Amino acid sequence: MGSGKSVVGKKLSDVLSYEFIDLDDYIKQKESKPISEIFKSKGEIYFRKIESKYLSEIIVANNKAVISLGGGTPCYGHNMDLINKAKNASSVYLKASITSLSKRLFPEKDGRPLISHINDEKELTEFIGKHLFERSPYYSRSDITINTDYQSVDEVIESIILKLF
């Protein structure tokens, strides 16, 4: 969350002339509800189950696409195995420091269900640190890791392309 997956993904898909799929947007379309409403009405477990279902649906389609996943997607069930076993695909972890993520996310926390309840930046920093620690074993299984701190979107894209090709 907050690493730039959607912004970088959209621009990367343009550069590569690939389709861009934001998994959260795909879920919203399929469920006809915003993610925040799904979390509120059915809970995180339900959300994670449908997230896996729709991720599989997208990967099975095997289109030339850049897919932007939610921060928790690789950590649920067998999602990371599904991602890594996808044919003609590479997974990219956009790695940002806890400080960078906190500064990016605090102003927009109300629109993000997992952090909307957090009241100050110190609490958000602790939340991010805890989640990065828990999720790092999954994120580290990515084919490519790009550190996004102090890099522009164009620099991140260039780094990805250099590692892909």
Side-chain angles (χ1 to χ4, degrees), residues 1-31 35 38-39 44-45 47-105 108 111-115 127-165:
M1 184 180 353
S3 66
K5 297 178 300 291
S6 295
V7 172
V8 169
K10 283 178 192 168
K11 191 152 188 185
L12 179 62
S13 69
D14 289 342
V15 169
L16 297 174
S17 297
Y18 285 10
E19 177 183 6
F20 175 72
I21 301 169
D22 183 293
L23 183 58
D24 283 350
D25 290 342
Y26 189 86
I27 293 167
K28 284 185 236 180
Q29 178 189 357
K30 291 288 192 171
E31 295 288 308
I35 301 298
I38 296 169
F39 263 78
E44 185 175 1
I45 303 272
F47 174 78
R48 295 298 177 197
K49 286 180 181 177
I50 62 167
E51 181 183 51
S52 290
K53 173 183 144 184
Y54 293 129
L55 173 64
S56 179
E57 193 175 285
I58 292 167
I59 288 174
V60 167
N62 200 23
N63 297 329
K64 285 190 172 188
V66 173
I67 306 166
S68 175
L69 306 177
T73 307
C75 311
Y76 185 82
H78 299 287
N79 288 348
M80 200 62 205
D81 292 331
L82 180 65
I83 294 162
N84 285 338
K85 289 178 183 174
K87 292 183 181 179
N88 302 316
S90 295
S91 55
V92 178
Y93 169 32
L94 299 180
K95 184 176 184 176
S97 69
I98 295 168
T99 303
S100 292
L101 292 170
S102 186
K103 286 188 185 319
R104 290 178 197 168
L105 289 169
E108 57 186 61
R112 296 178 179 266
L114 286 177
I115 61 171
F127 178 91
I128 292 167
K130 175 184 175 285
H131 278 75
L132 280 179
F133 177 77
E134 292 170 347
R135 293 173 174 187
S136 65
Y138 300 96
Y139 294 168
S140 68
R141 292 178 56 201
S142 297
D143 298 317
I144 298 167
T145 298
I146 303 292
N147 189 323
T148 63
D149 287 342
Y150 312 110
Q151 287 200 64
S152 69
V153 171
D154 289 335
E155 289 169 326
V156 171
I157 289 168
E158 183 178 345
S159 297
I160 294 169
I161 290 172
L162 287 172
K163 293 203 179 217
L164 284 174
F165 303 103

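The first residue in the sequence is number 1, and the count goes up from there. These numbers come from a predicted model, not from an experiment. We use all heavy atoms of the structure for the numbers below, so side chains are in, but hydrogens, waters and symmetry mates are not.
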Query raised in the report: Hey, does the side chain of Ser142 reach the backbone of Val92 with a donor-acceptor pair shorter than 3.5 angstrom?
Result: no
Report task. Kindly compute the distance separating CD1 (Ile160) from CZ (Phe165), expressed to the nearest 0.5 Å. Result -> 11.0 Å
Report summary line: dist Leu101:CG -> Arg104:CZ (nearest 0.5 Å) comes out at 6.0 Å
Report task. Could you check if a side-chain atom of Ile146 sits within less than 4.5 angstrom of a side-chain atom of Gln151, using non-hydrogen atoms only? Result -> yes
Query raised in the report: Can Ser97 and Ser100 be counted as having a side-chain donor-acceptor contact under 3.5 angstrom?
Result: yes
Query raised in the report: Going by an N to O cut-off under 4.0 Å, is there a salt bridge joining Lys130 and Glu134?
Result: yes
May I have the list of side-chain donor-acceptor pairs in residues 1-10 shorter than 3.5 Å, sequence neighbours left out?
from: Ser6; atom 1: OG; to: Asp22; atom 2: OD2; distance (Å): 2.8

Query raised in the report: Taking atom CD of Glu57 and atom CG of Leu23, what is their separation to the nearest 0.5 Å?
Result: 10.0 Å
Requested in this report: Answer with yes or no whether the side chains of Glu155 and Tyr150 bring together a donor and an acceptor at under 3.5 Å.
Outcome: no
Report task. Could you check if a side-chain atom of Asn63 sits within less than 4.5 angstrom of a side-chain atom of Ile58, using non-hydrogen atoms only? Result -> no
Query raised in the report: Would you find more than 12 non-hydrogen atoms of other residues, nucleotides or ligands less than 6.0 Å from Leu162 atom CG?
Result: yes
Query raised in the report: With respect to Ser13, which candidate in Ile21, Ile67, Val66 satisfies the side chain to side chain contact (heavy atoms under 4.5 Å, CB included) definition?
Result: Val66
Query raised in the report: Nearest 0.5 Å, what's the OG-NZ distance between Ser136 and Lys95?
Result: 8.0 Å
Query raised in the report: Checking side-chain contact (heavy atoms from CB on, under 4.5 Å) for the pair Leu12/Ile161: CA distance, chi angles, key distance, verdict?
Result: CA-CA 9 Å; Leu12 179 62; Ile161 290 172; 3.8 Å; yes
Query raised in the report: Angle class for the Tyr93/Tyr139 ring planes (parallel below 30°, perpendicular above 60°, tilted otherwise)?
Result: tilted
Requested in this report: Examine distances only and state if a side-chain atom of Asn147 and a backbone atom of Asp149 form a donor-acceptor pair shorter than 3.5 Å.
Outcome: yes
**Report entry** Criterion side-chain contact (heavy atoms from CB on, under 4.5 Å) on Ile27 and Phe47, from CA distance to verdict
**Finding:** CA-CA 9 Å; Ile27 293 167; Phe47 174 78; 3.9 Å; yes
Query raised in the report: So how far is it from Leu82 CG to Ser91 OG, rounded to the nearest 0.5 Å?
Result: 11.5 Å
Query raised in the report: About how many Å separate NZ of Lys28 and CG of Asp24, when rounded to the nearest 0.5 Å?
Result: 6.5 Å
Requested in this report: Check whether more than 12 heavy atoms from other residues, nucleotides or ligands sit under 6.0 Å from atom OH of Tyr138, and answer yes or no.
Outcome: no
Requested in this report: Output, in order, the C-alpha distance, side-chain angles, deciding distance and verdict of side-chain contact (heavy atoms from CB on, under 4.5 Å) for Arg141 and Asp81.
Outcome: CA-CA 9 Å; Arg141 292 178 56 201; Asp81 292 331; 2.4 Å; yes
Query raised in the report: Does Ile83 reach the side chain of Leu69, with side-chain heavy atoms less than 4.5 Å apart?
Result: yes
Query raised in the report: Where is the tightest heavy-atom contact between Ala65 and Tyr18, given as atom of each residue plus distance?
Result: N-CD2, 3.8 Å
Query raised in the report: Step by step, would you call Thr73 with Asn79 a side-chain hydrogen bond (donor to acceptor under 3.5 Å, both in side chains)?
Result: CA-CA 7 Å; Thr73 307; Asn79 288 348; 5.5 Å; no
Query raised in the report: Less than 4.0 Å between a side-chain N and a carboxylate O, is that true for Lys11 and Asp14?
Result: no
